[in-house]
Amino acid sequence: MDAFIIKGGRELQGTVRVHGSKNASLPLMAAALLTDQAVTLHDVPDLSDIRNMTRLLGTLGCETDRCDTDPGRPITIHATDQTQTAAPYDIVKTMRAGICVLGPLLAKRGKARVSMPGGCAIGDRPVDLHLHGLRALGAEISLDAGDIVATAPGGRLVGGHVFLGGPSGSTVLGTANVLCAAVLAKGQTVIESAACEPEIEDLADLLTQMGAKIQGAGSPRLVIDGVDELSGADHRVIPDRIEAGTYVCAAAITHSNIRLDNFPTDALGAALDRLNAIGVEVAPVTTDGQPVDRHRGSVTVNTADTLKPVQVFTQPHPGFPTDLQAQIMSLLCLADGNSSITEKIFPDRFLHVAELLRMGANLTRNGPSVVVTGVRELIGAPVMASDLRASAGLVLAGLAAKGTTTINRVYHLDRGYERMEITLQALGADIQRVKEENL
Ligand code: EPZ
């Protein structure tokens, strides 16, 4: 297993190009199961989750080709064998997003067997809303030996009216699954309390290009008129708003000025609002006469000398994303005063708290909230990565900390950040990837 060794305290400078979004790419790739024509996706990041999804699609009869010499590194996915309907446990267990194939398989092939994803480091992660939505489209669903077994009676789903709200709001991948199921269902489907995340809008964009009839993408009410078949498409994935927000925090925590290209300003409204209140200015780079591109533009990050404390509540989009909670916590550890962070999506997503304490942070957890009392400095220490975003929070803390921070188990980080250490090295950070056994 790999570890990172970070010598903190270096100022960063330079430019980062934000990669395409992991969480958009995974359901987009699964949507290629909805057609027997080829779907090409540009800007899919090179990550272990993406490689696992490629493997999963391979077991489901898809031929996949990635062209690494083209700047957009297009992936073409072609479902040439429509007979396979079972997603094996050994792949789905590596990546919860394996559940994304359920809706497309059921819609196109009339049946699906997908192993039920277990919990993970950030919480229980049920899929009851996915199944509720698919049942509303006529699916018959049972559980067999840990697998979800779903069938469309007569081979085709039928449109229905479904409410997808749960205790913490909507469900992102649940909305993706029901949306993908509805596009090929007979008749009209209405999804109320649909997830409004930009990744769902991106999926609706791809599906529309494939011939689907979808209204309301990006809003909580989706209206879908089913069609008989879909065609192939060529689509560019949206930039990764969480990677973008993480690098803004990297600049802020080291009081550095950096530039970010392919930056999705509009997808980060709540995060930029909180960062602004902390004293982090993210300003568009304007070119003479050109309008500011709020979807894939360029920005600079400038940080005030003193960071101000703030309150943060994670919420479904357009609220503050849970996937940036750990990163902003690291930043607030160095603010001048008391901040509070309340996790409204995954109330137990706080494994980074104990690790930050090892670095000298002053944090008090009370259920789903953490009071962050700013300290003058963080101090390097050996810490353990526990999940993807917690690991990113620890890297940020390490960049700012005095001395050396060693982060073990960075495979968590490799699931969601493409070569993060190379990006940070290019900005001037002192960060090395080593084998844990060589420590
Ligand atoms: C997506 O997970 C993301 N994953 C997660 O990204 C992200 O944290 C999460 O959305 C929330 O934004 C991908 O896109 C691959 P949810 P998802 O269903 O869709 C509850 C990362 O670090 N719920 O929107 O699985 C659930 O417990 C990650 O990149 C139900 O109650 O999350 C949670 O409280 C990790 N029943 C809330 O809804 C269900 O059937 C939101 O979860 C489904 C979810």
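Hydrogens, waters and symmetry mates play no part in the numbers below; they use all other heavy atoms, side chains included. Just follow the structure's listing: the first ligand is 1, and inside any ligand the first atom is 1. Bear in mind that the values here come from a model prediction, so they are computed numbers and not experimental data.
Nearest protein heavy-atom neighbour of atom 2 (O) of ligand 1: R125 NH2, 3.2 Å. The protein atom (non-hydrogen) at minimum distance from atom 15 (C) of ligand 1 is N23 OD1, 3.3 Å. Atom 24 (O) of ligand 1 has V172 N, 2.7 Å as its closest protein atom, hydrogens excluded (heavy atom only). Closest protein heavy atom to atom 18 (O) of ligand 1: T171 OG1, 2.7 Å. Taking atom 11 (C) of ligand 1 as the reference point, the nearest protein heavy-atom neighbour is T322 CG2, 3.8 Å. Nearest protein heavy-atom neighbour of atom 8 (O) of ligand 1: D323 OD1, 2.6 Å. Nearest non-hydrogen protein atom to atom 32 (O) of ligand 1 is F346 CZ, 4.0 Å. The single protein non-hydrogen atom nearest to atom 39 (C) of ligand 1 is P126 O, 3.1 Å, given as residue, atom name and distance.
With values rounded to the nearest 0.5 angstrom, L106 atom CG is found 10.5 Å from L34 atom CG. Rounding to the nearest 0.5 Å places NZ of K111 at 11.0 Å from CG of L105.
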Go through the steps to decide whether S193 and S170 satisfy the test side chain to side chain donor-acceptor pair (under 3.5 Å), and finish with yes or no. CA-CA 6 Å; S193 194; S170 191; 4.6 Å; no

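Ion pair R415/D387 not flagged as a salt bridge, since none of the NZ, NE, NH1 or NH2 atoms sits closer than 4.0 Å to an Asp/Glu carboxylate oxygen. One finds a salt bridge joining R349 and D323 here, because a Lys/Arg side-chain nitrogen approaches an Asp/Glu carboxylate oxygen to under 4.0 Å.
Around atom 38 (O) of ligand 1, the closest heavy atom drawn from A390, P167, S170 belongs to S170.
Look at A195 and you'll find every heavy atom at least 4.0 Å from all atoms of ligand 1. The shortest separation from a heavy atom of S168 to ligand 1 is under 4.0 Å, placing the residue in contact. Not a single heavy atom of H412 sits closer than 4.0 Å to an atom of ligand 1. Close to ligand 1: K22, with a non-hydrogen atom less than 4.0 angstrom away. Heavy-atom distances between G416 and ligand 1 stay at or above 4.0 Å for every pair.
When the options T40, D202, D205 are evaluated for a side chain to side chain donor-acceptor pair (under 3.5 Å) with H235, the one that passes is D202.
Less than 4.0 angstrom separates some heavy atom of H130 from each of these atoms of ligand 1: 40 (O). Residue-ligand proximity, V127 to ligand 1, at heavy-atom distances under 4.0 Å covers atoms 39 (C), 40 (O).
With a 4.0 Å heavy-atom cut-off, ligand 1 is reached by the side chain of R349 but not by its N, CA, C or O.
You'll find the side chain of F4 reaches within 4.5 Å of the side chain of V395, heavy atoms only. At least one side-chain heavy atom of N177 sits under 4.5 Å from a side-chain heavy atom of P104. Side chains of P74 and R66 form no contact here, defined as non-hydrogen atoms less than 4.5 Å apart. Taking 4.5 Å as the limit, some side-chain heavy atom of E343 sits within range of a side-chain heavy atom of T322.
A search for side chain to side chain contact (heavy atoms under 4.5 Å, CB included) contacts involving A392 returns T246, Q327, L413, Y417, M420, not counting sequence neighbours.
Not a single protein heavy atom sits closer than 4.0 Å to atom 20 (C) of ligand 1.
Here the shortest heavy-atom pairing between P239 and V18 reads CB-CG1, 4.2 Å.
Residue L388 places no N or O, backbone or side chain, under 3.5 Å from any N or O of ligand 1.
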